[in-house]
Amino acid sequence: MTPRLALLAACLAGTIAPALAAPKLTDAERAEICAEAEARYKETTGRAVGDEPVKTILTYKNLFCPMNFEVKAGDKLRFFNVDKRTSHSVWFRAAGKPESERFFPNETYETTVDLPEGDHELLCGPHWANEGMIGRVTVQGAKP
Ligand SMILES: [Cu+2]
């Protein structure tokens with residue numbers, strides 16, 4: 001394979017596109033966006049996201065908030081979209097899971113963690129490749 005073809009193949013496979021296209025946010029910029037997301041959640045629901053009995057991840061401005069988090073196998077996970085117009089999805093692609101349906105502003109997507117122990121890449125179907133909307137879930141051992 002020529003280098004040019006190899007590059008094209010890598011782009012098609014999605015292995016290079018994120019590195020080239022994902023906007024580079026600093027940790028501080030991410031923290032600011034996620035703080036805004038939490039404020040929007042509280043405004044919408046009247047509750048602090050950290051007080052929810054079910055682990056709640058916010059989607060906002062092409063970020064998962066938090067971006068990296070830990071769960072136990074069998075835990076429930078709840079995703080809530082605090083964006084104004086954009087829909088998102090949840091996709092453990094590398095783990096061989098199907099992409100979720102899109103959830104729209106103020107909508108929730110809930111799932112139960114059925115992934116093996118270890119780190120798993122969490123993608124948003126429409127935004128991972130070009131916007132870098134990628135999180136990481138660390139799954140700990142199953143509940144006794
Ligand atoms: Cu998204």
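Heads up: numbering here begins at 1 and tracks the sequence. Each ligand, and each atom within it, is numbered from 1 in the order the structure gives.
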- Query: Under 2.8 Å from the Cu ion (ligand 1), is there an N/O/S atom belonging to Met133?
  - Reply: yes
- Query: Vertex the Cu ion (ligand 1): angle to ND1 of His127 and SG of Cys124, to 10°?
  - Reply: 110°
- Message: Checking one value in my table: which N/O/S atom of His88 lies closest to the Cu ion (ligand 1)?
- Response: ND1
- Item | Backbone of Pro105 reached by a side-chain donor or acceptor of Asp83 within 3.5 Å | no
- Does a side-chain heavy-atom distance below 4.5 Å link Thr59 with Phe103? yes
- Item | Atom of Cys65, atom of Ala37 and distance for their closest heavy-atom approach | SG-CB, 4.3 Å
- Query: Is Glu52 salt-bridged to Arg47, cutoff N-O under 4.0 Å?
  - Reply: yes
